[in-house]
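Structure first, commentary second.
Just so we're clear, the structure is a prediction, and the values are computed from it rather than from any experiment. In the text below, chain A, chain B and the rest are named by the order of the sequence lines, each starting its count at 1.
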Amino acid sequence: MTNLPKTYTPQKIEGKWYQFWQKNNYFHAEATSEKPPYAIVIPPPNITGGLHIGHALDNTLQDCLIRWRRMQGYNTLWMPGTDHAGIMTEVIMERRLADEGTSRIALGREKFIERMWQWKEETHDYIISQLQQLGCSCDWERERFTYDEGFCEAVNTAFVQFYEQGLIYQDTYMANWCPECNTVISNLEVEPIDIDGNFYHIRYPVKESPIVLEIATTRPETMLGDTAVAVHPDDERYQHLIGKKAHLPLCDREIPIIADAYVDREFGTGALKVTPAHDTNDYEIGLRHNLEQCAVFTRDGYINENAPEKYVGLSRSDCRKRVVEDLQSADYLVKIVPHRHAVGHHDRCGAVVEPTISLQWFMNVKPLAQRAIEATQKGEVKFIPERETARFYHWMENIEPWPVARQRWWGHRIPIWYCNACDAITAAMETPQQCECGASDFRQEEDVLDTWFSSGLWPFSTMGWPAETPELKTFYPTSVLVSGWDILFFWIARMIMLGLGCMDEVPFRTVYLHGLVADEKGQKMSKSKGNSIDPLETIAIYGVDAFRFALANASTPLPYVPLPESQIEAGRRFANKIWNAARFILMNLEKHPVPAETDTVGTHQEILEIAWIRSRLNYTIETTTDALENFRFYEAAQVLYAFLWHEFCDWYLEFTKQRIAQDEPEALWVAADILEQTMRLIHPIMPFLSEEIWQQLPHGGRRNEFAVDKSSVAIASWPEPIGENATAEATMATLMEVIESVRSIRGELNVPMGASVEVHIQCPDAEIRDRLETYLAQYLPAFTRVAGVIIAERLQKPPASAEAVIGELAIYIPLADVIDLDAEHARLSKRYQQAVKDVTAAQKTLDNPNFIQRAPEKVVAQKRAQLERLLVEQEKLARSIGMLTQSAEENDD
RNA sequence: GGGCGGGUAGCUCAGGUGGCUAGAGCGACAGCCUUACAAGCUGUAGGCCACAGGUUCAAGUCCUGUCCCGCCUACCA
């Protein structure tokens, strides 16, 4: 007896098959091969912790593509790895150190980095095991880390190259500064959050004049660093004040009143306080007017000595309170008006970002952005969904210099060397030997590079760049990049630019951007919101395949894809359904084994259900392939679900039961064949279950034309279309309709199971009758629990019978004792009303001469046939209702 | 302020280039332990496809406008 348990228990098989695949090296890609290449580089997960639901989706979809292409015969490379995630990792580590009562500074750079490496090992191992539990068929021999030795070389090479090209330069400029992390960050890392703040209206007295200027600000504490007041040059209210000086309250300083067109006359009071050291726009104004830059904050966000003594040492928020109090008591404060406005926060630590002037390393990405735009316009890169292309262009066209340095420790130290004697700057892979000035004493730049700089090299650095490797030759540019749309700018755009800069070629041909996983309320799942699903927990409960199926099924092209628990539950039920279908087939195969040398492929086409299920399988093969080709994973999932459950299980296997009972096991052998092919189709989505079943299905006992390799479904060939059979599909559709009508009557009229009833079928069309006769006689009793079937060209409707109409077919079920005439009347009336509605609609279309004239012939013919059928049905129903009413009246008599 | 996406059954969503009687899953209701599966089987109910115009023989689908919801982006202090 087959030792298959009644319910599917995924935990028992998942580990086993992953080990099997790895042992057989199925996931390894050869650097050179005759097969066409297909490559994906994984978006390397940050080593900041475990994988979340978004990773599960991202990697499931990648694995679907990779497994599918592998079966199609491509030399598939899925390049795995992890990312050192500079600031993020440091933020988390610093919190941890704080819990231990120590800090980054206390440890010192070297010790701190040591701790980071330790932690990296732990989280790395956890992440890899998660990916493996998810079933990811990565080429693990090639795994990389964005901070490993090879990467350091790649990063240094790229940096030096861009420096020499003049694209990377040092400059003093205002950039976003995180006072919490003590580093500069790029504007992408600034998250604007709406805050309920205030407008503080403050009086600035004009020197040697009775006039008092009123300015409005949301950040009163910055007034300590004001170096001007600006008005619009054409503003009549203030024109006469331009060139005069204003008294800066609380500071005992005088600042000039200047004219600058930036000022919006309509906004606030039309007078703007200017703080060039702490506001990006003020900084620009300051440059235009040669204003002093008076910084009043320290790098970590406290008031410094440039402010009046009483404020020194206060935090920014404390200082705001003090300033407002002091303004009020000195009668400088006019009013406070509530004002909601966006405040920039660091996306990694949440601190309020402070625009700060500092000496920084920048990369001028404009030229590369231009090349990226051109490459995209030429079709060298394609974005899916297409709407993302517009977002890409918009960002690329408005790109600004990229501050690439970070004042942190965990990351690639910038390969810049300062001469200790003359301060000359050298960019080099290693410490230079000698400076131009003759000295040989150097110090390396303290700053590290933005993590995105190194991950921007990912698609080629993982393949050995800067060396010219066979891997690069074979796999670059890679085939597709799969990622969430939220990192289009952070990462994908940078990869394209750096790929062009270093490889002179885009890094991938297609970018597939999936949605972000949301809960049932449409909210993005995230740990901080507490609505996220832990992949491992979910897998433990439902099994990987159910989870993967749910993810594939959820991945519609929407920007946020909901993943309610019920969908994962549905995945589990589906897995169980497949399991039991296999169980049924395998159990019966023991009694009816496939004889050696038996060919089940393409045979027995004369049997209706066999021809039909093959035709449906053909449709499934074509649709699944097309869906995967176009990144419509949800469609692949749905079509496989519908085929397996509603066509294969609900119908075909039920027919098979009858065949087996009649000792005709051929249908069973075909079932095994259909299931074998379907397991191949579903393998990219449900790798473990499909392998478990595929392994048990017969391949050796008969000729199998499709499976080139019989050792694993993971390397079996992808099914090819096997041809459709429209006649079989049409005949089967009618057969199904008859069966469903009889079932419906039984259900609606509450005919008890025990009641023995007969079915009389009138079928005037000889050809249809001929095609259906045997099958109806054979299957109707078993499918609908009726005692007997009569089929004739013409027959009388038996008295007190229920009726259904399918085109020309009439189905009568005599129910002399059990029929509820009122119920039957209601049932028929409802169908009649529907028929009238449909007839009217069809009639209206056909009455339109323009329709006949202009619509394609095929559509007109279809409409005519439809109307004809509907008219027959309508007429039959009308007659039956009439008869019913008549007999009811007779009963009354 | 600009731009994008969405509004279809109680809920979550499908419905590429207009053309079957608008579908699925979940949920609801009714009946079934039918020898693979109760994580199952059978049946039923439920939709002015947001609204208003327009194009067309034909609109859930294309165009215009309006109203909601979400997101991305922007220097209005």
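Listed by chain and number, the residues in a salt bridge (charged side-chain N to carboxylate O under 4.0 Å, His left out) with D260(A) are R288(A) (sequence neighbours excluded). Partners of K12(A) by side-chain contact (heavy atoms from CB on, under 4.5 Å), not counting sequence neighbours, listed by chain and number: T9(A). By the side chain to side chain donor-acceptor pair (under 3.5 Å) test, K577(A) pairs with no residue at all, sequence neighbours left out. In terms of the salt bridge (charged side-chain N to carboxylate O under 4.0 Å, His left out) criterion, E868(A) has no residue partners (sequence neighbours excluded). With sequence neighbours left out, the salt bridge (charged side-chain N to carboxylate O under 4.0 Å, His left out) criterion links R746(A) to no other residue. With sequence neighbours excluded, the residues forming a salt bridge (charged side-chain N to carboxylate O under 4.0 Å, His left out) with R203(A) are D331(A), listed by chain and number.
Here CZ of F489(A) is found 11.0 Å from CG of N187(A). Values are rounded to the nearest 0.5 Å. Note that CD1 of I685(A) and CG of L551(A) are 11.0 Å apart. Values are rounded to the nearest 0.5 Å.
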Collect all protein-nucleotide pairs involving nucleotides 43-46 of chain B in which both atoms are nitrogen or oxygen and the distance is under 3.5 Å.
| from | atom 1 | to | atom 2 | distance (Å) |
| --- | --- | --- | --- | --- |
| rU44(B) | OP1 | S744(A) | OG | 3.3 |
| rA45(B) | OP1 | K830(A) | NZ | 2.7 |

Below 3.5 Å between N/O atoms, which protein atoms pair up with nucleotides 30-39 of chain B? Just atom names and distances, please.
| from | atom 1 | to | atom 2 | distance (Å) |
| --- | --- | --- | --- | --- |
| rU34(B) | O4' | R785(A) | NH2 | 2.4 |
| rU34(B) | N1 | R785(A) | NH2 | 3.3 |
| rA36(B) | O3' | R583(A) | NH1 | 3.2 |
| rA36(B) | O2' | N580(A) | OD1 | 2.4 |
| rA36(B) | O2' | R583(A) | NH1 | 2.6 |
| rA36(B) | N7 | K657(A) | NZ | 3.2 |
| rA36(B) | N6 | C649(A) | O | 3.4 |
| rA36(B) | N6 | E654(A) | OE2 | 3.1 |
| rA36(B) | N3 | N580(A) | O | 3.1 |
| rA36(B) | N3 | A581(A) | N | 3.4 |
| rC37(B) | O4' | N580(A) | OD1 | 2.9 |
| rC37(B) | O4' | N580(A) | ND2 | 3.4 |
| rC37(B) | O2' | N576(A) | ND2 | 3.2 |
| rC37(B) | O2 | K577(A) | NZ | 3.0 |
| rC37(B) | N3 | K577(A) | NZ | 2.7 |
| rA39(B) | O2' | N576(A) | ND2 | 2.8 |

Restricting to nitrogen or oxygen on both sides, can you table the protein-nucleotides 58-63 of chain B pairs closer than 3.5 Å?
none

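When heavy atoms are screened at a 4.0 angstrom cut-off, Y262(A) is found touching base atoms of the nucleic acid. Within the nucleic acid shown, T556(A) comes within 4.0 Å of sugar-phosphate atoms alone, with no base atom in reach, counting heavy atoms only. Using a 4.0 Å heavy-atom cutoff across all strands shown, W395(A) reaches no nucleic acid atom at all. Contact annotation for P856(A): base contact, defined as any heavy-atom pair under 4.0 Å involving a base atom. Nucleic acid contact class of H646(A) (heavy atoms, under 4.0 Å, all strands): sugar-phosphate only. Across all strands shown, G270(A) has heavy atoms under 4.0 Å from base atoms, whether or not it also approaches the sugar-phosphate. R827(A) comes within 4.0 angstrom of no nucleic acid atom, judged by non-hydrogen atoms across all strands. Across all strands shown, L558(A) has heavy atoms under 4.0 Å from sugar-phosphate atoms exclusively, and none from any base. At the heavy-atom level, R632(A) lies under 4.0 Å from base atoms of the strands shown.
Between the P atom of rC76(B) and the CD1 atom of I215(A) lies a distance of 18 Å, rounded to the nearest Å.
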Expected list for residues 261-268 of chain A: side-chain donor-acceptor pairs under 3.5 angstrom, two or more places apart:
| from | atom 1 | to | atom 2 | distance (Å) |
| --- | --- | --- | --- | --- |
| Y262(A) | OH | N281(A) | ND2 | 3.2 |
| D264(A) | OD1 | E266(A) | N | 2.9 |

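OP1 or OP2 of rG15(B) has at least one side-chain nitrogen or oxygen of Y634(A) nearer than 4.0 Å.
Taking every heavy atom of residues 336-343 of chain A and every atom of RNA chain B, pairs under 4.0 Å involve H339(A), H341(A), by number.
Every stem involving RNA chain B, taken as at least 3 paired positions in a row under the Watson-Crick or G-U wobble test at 3.5 Å, is listed here: B:1-7 with B:67-73, B:10-13 with B:23-26, B:28-32 with B:40-44, B:50-54 with B:62-66.
A salt bridge does not link R864(A) with E857(A): every distance from a Lys NZ or Arg NE/NH1/NH2 to an Asp or Glu carboxylate oxygen is 4.0 Å or more.
Remark on RNA chain B: of its neighbouring residues F574(A) and F489(A), the 5'-side contact belongs to F574(A), judged by nearest-heavy-atom nucleotide. Map Q834(A) and L188(A) each onto its nearest nucleotide of RNA chain B; the residue landing nearer the 5' end is Q834(A).
Both tests hold for R743(A) against W651(A): distance to the six-membered ring centre under 6.0 Å, angle to the ring axis within 45°.
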